[in-house]
Amino acid sequence: MSFVHLHNHTEYSLLDGITRIEELPVKCKAYGMPAVAMTDHGTLAGSLKFYKACKSVGIKPIIGCEVYFAENRKLAAKDELDESYYHLILLAQNEQGLKNLFRINSQAFQDGFYRKG
C-alpha cells in the first residue's frame with residue numbers, strides 16, 4: 001500500500017507555505033509515493049510549475065486548491081463577513097475538474113475577496 005499527500009502548501013501560499021515546488025515531487029518520489037497534491041491557499045498560480053516538476057520525476061500531480069466558503073456572504077457587502085467561513089479542499093479529478101477549478105478560482109479573484117478580521 002502506498003501513501004499520497006493530498007494537502008500541501010507551497011511557496012505560493014503566503015504566510016503558510018514553506019515547501020518549494022521543485023523539492024516536493026523529488027522527496028515524494030524518494031519516499032515511494034506515486035502521486036502528490038498541491039493545495040495552496042486560494043490560488044492556482046503554481047499549478048503549471050507543479051505539474052511540470054511532478055512529471056519530470058515520474059509521479060502523478062494532483063492539482064487542487066484550499067478555498068474559503070462563507071455561508072452567509074453577500075456579494076454586495078464584501079467587507080461584512082460574519083467571521084463564519086470554512087476551509088474547503090478542492091481536488092481536480094480530471095481535465096474537466098481542472099477547468100472547473102480554474103473557473104472557480106478566477107471567479108473568486110473577481111468577486112469573492114473578503115478580508116480576514
Side-chain angles (χ1 to χ4, degrees):
M1 180 188 316
S2 58
F3 177 80
V4 174
H5 278 288
L6 295 178
H7 183 60
N8 293 290
H9 297 300
T10 71
E11 67 262 32
Y12 287 89
S13 283
L14 300 179
L15 303 176
D16 199 20
I18 193 168
T19 305
R20 299 288 176 236
I21 287 178
E22 307 84 36
E23 298 169 3
L24 180 60
V26 174
K27 284 289 189 185
C28 290
K29 180 74 172 183
Y31 289 127
M33 296 178 196
V36 64
M38 178 192 76
T39 55
D40 285 325
H41 280 290
T43 185
L44 293 164
S47 58
L48 181 59
K49 184 177 180 182
F50 174 73
Y51 178 86
K52 289 179 178 181
C54 287
K55 289 296 188 177
S56 74
V57 296
I59 67 170
K60 180 181 179 180
I62 302 170
I63 297 173
C65 188
E66 184 170 0
V67 300
Y68 306 94
F69 173 76
E71 278 183 88
N72 299 317
R73 189 183 164 285
K74 299 173 187 162
L75 288 176
K78 291 182 184 178
D79 291 335
E80 297 175 5
L81 184 61
D82 65 357
E83 301 275 336
S84 63
Y85 61 91
Y86 309 94
H87 292 223
L88 181 66
I89 301 297
L90 302 176
L91 300 173
Q93 182 176 355
N94 54 31
E95 185 178 351
Q96 184 60 51
L98 187 58
K99 288 178 183 178
N100 290 340
L101 198 54
F102 284 138
R103 182 180 46 78
I104 289 167
N105 192 246
S106 294
Q107 185 177 357
F109 268 95
Q110 292 174 357
D111 302 325
F113 271 113
Y114 63 86
R115 65 184 169 152
K116 186 175 177 181

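Other residues sharing the hydrophobic cluster of Ile89, ordered by chain and number and joined by side-chain separations under 4.5 Å: Val4, Leu6, Ile62, Leu91. Cluster partners of Leu48, using a side-chain heavy-atom cutoff of under 4.5 Å among ILVMFWY residues and allowing indirect links: none. Counting side-chain heavy-atom gaps under 4.5 Å among Ile, Leu, Val, Met, Phe, Trp and Tyr, the cluster of Phe3 also holds Tyr31, Met33.
In this structure, the side chains of Ile63 and Phe50 come closer than 4.5 Å at one or more pairs of heavy atoms. By the 4.5 Å heavy-atom criterion applied to side chains, Pro61 and Met38 are not counted as neighbours.
Both Val36 and Leu98 belong to a common hydrophobic cluster when Ile, Leu, Val, Met, Phe, Trp and Tyr are linked at side-chain heavy-atom distances under 4.5 angstrom.
Qualifying side chain to side chain donor-acceptor pair (under 3.5 Å) partners for Gln96, counting only residues two or more places apart in sequence or in other chains: Asn100. In this structure Thr39 satisfies the side chain to side chain donor-acceptor pair (under 3.5 Å) test together with His7, sequence neighbours excluded. A search for salt bridge (Lys or Arg N to Asp or Glu O under 4.0 Å) contacts involving Glu11 returns Lys49, not counting sequence neighbours.
Within the structure, the salt bridge (charged side-chain N to carboxylate O under 4.0 Å, His left out) test picks out the following pairs touching residues 99-110 (sequence neighbours left out): Glu95-Lys99.
Note: Leu24 CG to Thr10 OG1 = 8.5 Å, rounded to the nearest 0.5 Å. Remark: Ser106 OG to Leu101 CG distance equals 9.5 Å, nearest 0.5 Å.
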Donor-acceptor list for residues 51-60 side chains, cut-off 3.5 Å, not counting sequence neighbours:
residue: Ser56; atom: OG; partner: Ala53; partner atom: O; Å: 2.8

Could you go through residues 12-19 and list every donor-acceptor pair under 3.5 Å that involves a side-chain atom there, pairing it with any protein atom two or more places apart or in another chain?
residue: Ser13; atom: OG; partner: His9; partner atom: ND1; Å: 3.2
residue: Ser13; atom: OG; partner: Asp40; partner atom: OD1; Å: 2.9
residue: Ser13; atom: OG; partner: His41; partner atom: N; Å: 2.8
residue: Asp16; atom: OD2; partner: His9; partner atom: NE2; Å: 3.4
residue: Asp16; atom: OD2; partner: His41; partner atom: NE2; Å: 2.6

Discussion item. Does Phe102 form a side-chain contact (heavy atoms from CB on, under 4.5 Å) with Leu44? I'd like the steps, not just the answer.
Written reply: CA-CA 7 Å; Phe102 284 138; Leu44 293 164; 3.4 Å; yes

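In plain terms, the two heavy atoms of Gly42 and Asn105 that are nearest each other are O-ND2, 3.1 Å.
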